[in-house]
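Read the structure below first, then the notes.
These numbers come from a predicted model, not from an experiment. As the structure lists them, so they are numbered: ligands from 1, and atoms in each ligand from 1.
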Amino acid sequence: MAIIFNEQNKTYTIQTKNTTYQMAINPFGVLLHTYYGRKIENDNLAYTVYDDMSPFTPKTEDIKGDEVWARIDHIPQEISCFGCGDYRESSVNVRHADGTMGLQPIFVSAEIKNGKYSLEGLPAFYGDEGETLIVTLKDRVYDVYLHLYYGVLPEYDLITRALVIENKTSSKIHVEKALSLNLDFNYGDFDLVSFEGRWAQERRFQRTPVAHGKNQIFSTRGASGHIMNPSCILCSKDATETNGDAYALAFVYSGSFLISASRNFNDNTRLVMGINPENFNFVLESDESFQTPEVAMTFSYNGFEPASQNLHKAIRNNLCRGKYKNARRPVLINNWEGTYFDFNGDKLVSMAKDASELGVELFVMDDGWFGKRDDDYSGLGDWVVNERKLGCTLSELASKINEAGLKFGIWFEPEAINEDSDLYRAHPDYAFKMPNRQPTLARHQLILDMSRKEVRDNIYNQLCKILDSANISYVKWDFNRNITDLYSCEVPAEKQGEIYHRYVLGLYDLLERITSRYPDILFESCSGGGGRFDCGMHYYMPQAWTSDDTDPIERLKIQHGTSFIYPVSTMGAHVSASPNHQTNRKTPLKTRGNVAYFGTYGLELDVNKMTDEEKAEIKRQVAEFKQHYELIQRGEYYRLRSPYEFDSLYCVWQVVASDKSEALVCAVKYRTEANTHPEFVRLRGLDENKYYKVNGGKIYQGATLMYNGLMLEQSWGDYESQLYYIEEVK
Ligand code: GLA
């Protein structure tokens with residue numbers, strides 16, 4: 001049993017393999033949060049909740065007497081509401097029919113179930129092996145119920161949290177804030193690690209103290225976005241990769257989000273996470289409810305590394321779905337950086353033929369094959385093959401590529417529309433636009449109102465027509481701008497605050513329909529690179545294009561940051577041309593390959609232009625990647641030396657097989673200095689007692705490699721890299 005109720009203490013304790021989470025019902029029915037951290041047996045941990053003496057702390061008197069039932073501004077709770085004395089960042093705000101705002105949630109009942117809950121219409125971790133706790137609270141006055149969902153996957157130390165707000169009053173209410181998680185600590189000296197960025201610079205590691213005041217990570221863009229990722233790690237000051245407390249949290253959602261961490265006057269800490277309340281206002285009629293998405297959290301007392309590894313396993317095994325969750329994904333070539341819009345069918349076939357010689361297995365035709373689309377000013381919305389440009393039908397092109405020995409894949413941007421398109425001319429109301437304003441363009445395009453079924457159906461039918469017309473094995477689902485002009489022409493003014501979320505629900509509905517109709521297609525998510533890289537999208541698509549920046553040196557930081565939350569198997573990574581198109585940097589082909597190995601590895605260049613020597617190197621890489629595929633994709637990931645270490649010349653990381661029989665270490669030299677000394681890197685995760693052969697040569701004991709270190713080969717030149725295959729000697 002992962003969830004235990006103690007009748008005497010009135011505690012609900014969630015036990016995972018290495019962690020404990022506890023809540024307690026106080027004598028007045030307030031659901032306290034009493035502990036989350038390293039495993040403790042089923043003790044009563046409510047003794048840590050102390051009283052606050054400040055006369056400025058609001059206190060609510062018990063109805064029957066003058067006993068103080070809660071100094072709500074100060075005590076750690078499982079849910080926090082604005083209006084009745086808690087001045088901290090709240091997780092829920094409801095405006096009642098009489099215009100008042102506020103909730104005082106009191107315990108009503110709880111239920112423990114086998115299996116982890118699922119959420120209708122929303123992505124969520126799954127697992128029959130898990131358990132679910134549903135705690136129901138009710139406002140002290142109004143018939144508004146809060147159902148707190150906790151899912152537990154004990155093996156990965158994973159706990160999820162979602163919330164349902166139910167209106168049982170006879171009038172309508174407005175939900176103005178509905179965050180999924182409220183995590184309180186009645187002490188506080190934390191740092192917050194988050195992943196910030198911009199286009200072509202996604203998910204760079206950022207660490208800031210959680211000070212008095214609010215530390216907010218957020219998106220208001222209608223998508224999770226490039227700028228901040230919907231994930232974070234709340235950690236102790238001493239936390240490193242291998243030491244200290246680390247709470248890693250990921251929001252399973254692809255729209256606007258808010259993560260707010262703050263330290264209160266008594267030095268207690270609160271972290272809330274959920275849908276961004278900016279432009280959010282959900283109307284609940286009598287008997288209606290609102291379901292939030294879920295947050296997944298894991299805790300490690302040994303630093304970031306185990307927390308990342310827990311999330312990696314949970315995302316790989318209990319979030320990603322479909323055939324390609326486990327099946328080996330084909331090595332692909334994508335024509336985008338090779339040709340951009342300038343291609344025809346013959347060119348693509350000629351690229352496919354050359355790629356086939358190198359062991360590549362899938363050809364992806366990127367943007368430009370449909371409608372009127374020779375640049376990014378027109379065509380989006382018209383998912384009709386441009387046969388004149390291709391010189392043949394789609395089915396014929398797919399056959400030619402199949403004959404060359406490759407599977408065939410295709411790019412779509414289903415949520416977008418250009419004003420210069422037949423779809424827009426026929427249905428201008430399909431795009432988000434405000435009645436009295438000129439819509440704001442980005443990349444010359446608008447966004448379709450996916451909250452409307454009619455719009456979704458139109459796109460669904462167009463996509464199915466294409467996917468049914470040819471032998472298509474892969475889809476890249478792009479989203480190249482964020483939302484502005486949020487207004488849906490079908491709903492009344494009062495409900496416009498629902499549209500941001502309804503857009504995401506509509507997107508999920510469309511993704512569910514498409515991915516379940518085509519179970520054999522491999523789907524890759526993309527948003528101008530990694531602008532919607534989140535657990536919500538990974539539920540539908542096991543991989544996402546990590547960044548439009550394919551420079552391997554830039555990728556060190558991008559993939560490093562991404563790896564704190566997301567597994568290697570989700571990170572689209574390609575070898576591209578040198579000099580790089582985003583940075584103009586020249587890098588060795590070997591390094592481009594070594595970095596792309598720790599993702600899904602593919603090519604993104606004009607293979608026809610490569611020299612014989614380069615082709616031979618790619619052929620070697622494809623073979624090497626396939627050889628180590630399982631190890632790379634399913635191994636435990638270790639960040640041995642960060643790209644942010646100022647004095648280090650190398651960025652180094654490692655994957656280790658779960659049975660510790662093999663490992664792969666990659667070291668990239670990002671800066672050369674004269675007269676350097678040899679570098680030693682201490683490996684991790686090996687078996688101390690096993691013996692390992694390094695790159696088929698010398699044999700070392702696991703303990704030696706971990707405690708004394710692997711001596712890197714001396715190399716010359718910036719951006720050189722080395723790969724070490726470490727194999728157990730039996
Ligand atoms: C985005 C993607 C690229 C490519 C282009 C096509 O920028 O991230 O990989 O597909 O769109 O327009």
Side-chain angles (χ1 to χ4, degrees), residues 197-203 221 223-227 229 254 332-343 347-348 351 362-383 386 389 408-418 420-421 441-448 463 466 472 474-483 522-534 537 541 543-552 554-555 558-559 562 570-577 580-583 592 596 599-606:
R198 55 182 187 263
W199 173 77
Q201 290 287 308
E202 298 89 337
R203 290 172 299 287
R221 317 174 74 86
S224 44
H226 295 91
I227 315 301
N229 194 259
S254 312
L332 68 80
I333 180 165
N334 176 305
N335 72 306
W336 179 243
E337 285 196 21
T339 66
Y340 296 103
F341 290 107
D342 186 16
F343 62 85
K347 174 64 187 169
L348 302 183
M351 286 172 81
L362 165 72
F363 186 89
V364 179
M365 176 171 66
D366 210 280
D367 195 355
W369 57 267
F370 54 91
K372 182 183 135 210
R373 184 81 174 166
D374 287 321
D375 53 37
D376 54 13
Y377 285 81
S378 60
L380 290 172
D382 297 341
W383 301 105
N386 185 343
K389 179 166 179 173
F408 178 65
I410 197 166
W411 178 97
F412 288 106
E413 192 179 348
E415 300 153 76
I417 185 164
N418 286 115
D420 186 359
S421 68
L441 294 170
R443 212 193 184 205
H444 325 292
Q445 66 196 54
L446 300 174
I447 292 295
L448 289 167
L463 262 49
I466 294 288
I472 294 173
Y474 164 104
V475 164
K476 178 173 171 186
W477 185 293
D478 213 336
F479 179 70
N480 276 321
R481 62 158 294 180
N482 292 143
I483 299 174
L522 168 61
F523 286 85
E524 176 158 358
S525 151
C526 177
S527 175
R532 203 164 52 182
F533 201 111
D534 57 60
M537 294 307 284
M541 309 189 182
Q543 63 191 58
W545 184 222
T546 311
S547 176
D548 273 345
D549 189 344
T550 53
D551 177 327
E554 300 266 288
R555 278 285 182 131
I558 297 168
Q559 293 179 195
T562 307
T570 60
M571 290 189 226
H574 299 167
V575 171
S576 62
N580 180 270
H581 292 193
Q582 292 78 37
T583 60
R592 282 175 268 154
T600 58
Y601 185 84
L603 307 182
E604 180 134 355
L605 37 68
D606 187 350

**Study point:** Those residues that, when tested against Trp477, pass ring-ring contact (aromatic ring centres under 6.0 Å, His included) (two or more places apart)
**Key:**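 Trp477: no ring-ring contact (aromatic ring centres under 6.0 Å, His included) contacts found.
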Check your understanding: Exactly which residues line ligand 1, taking a heavy atom under 4.0 Å from it as the test?
Key ->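 Shell around ligand 1 (4.0 Å, heavy atoms): Trp336, Asp366, Asp367, Trp411, Arg443, Lys476, Asp478, Asn480, Cys526, Gly528, Gly529, Trp545, Asp548.
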Point to revise | Residues forming a side-chain hydrogen bond (donor to acceptor under 3.5 Å, both in side chains) with Asn482, sequence neighbours excluded | key: Arg221
Exercise for review: Please list, chain by chain and in numerical order, all residues satisfying side-chain hydrogen bond (donor to acceptor under 3.5 Å, both in side chains) with Glu524, sequence neighbours excluded.
Suggested key: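 By the side-chain hydrogen bond (donor to acceptor under 3.5 Å, both in side chains) rule, Glu524 matches Tyr474, Gln543.
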Review point. Can you tell me if Ser547 uses its side chain to pair, donor with acceptor, with the backbone of Glu202 under 3.5 Å?
Key: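 Not at all, since once roles are kept as given, no pair shorter than 3.5 Å links the two residues.
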Check your understanding: Is Lys347 reaching over with its side chain to a backbone N or O of Asp342, donor-acceptor style, under 3.5 angstrom?
Key ->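 Judged by distance alone, no pair lies under 3.5 Å.
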Exercise for review: Hey, could you give me the CZ/CG distance between Arg532 and Asn480, rounded to the nearest 0.5 Å?
Suggested key: 10.0 Å
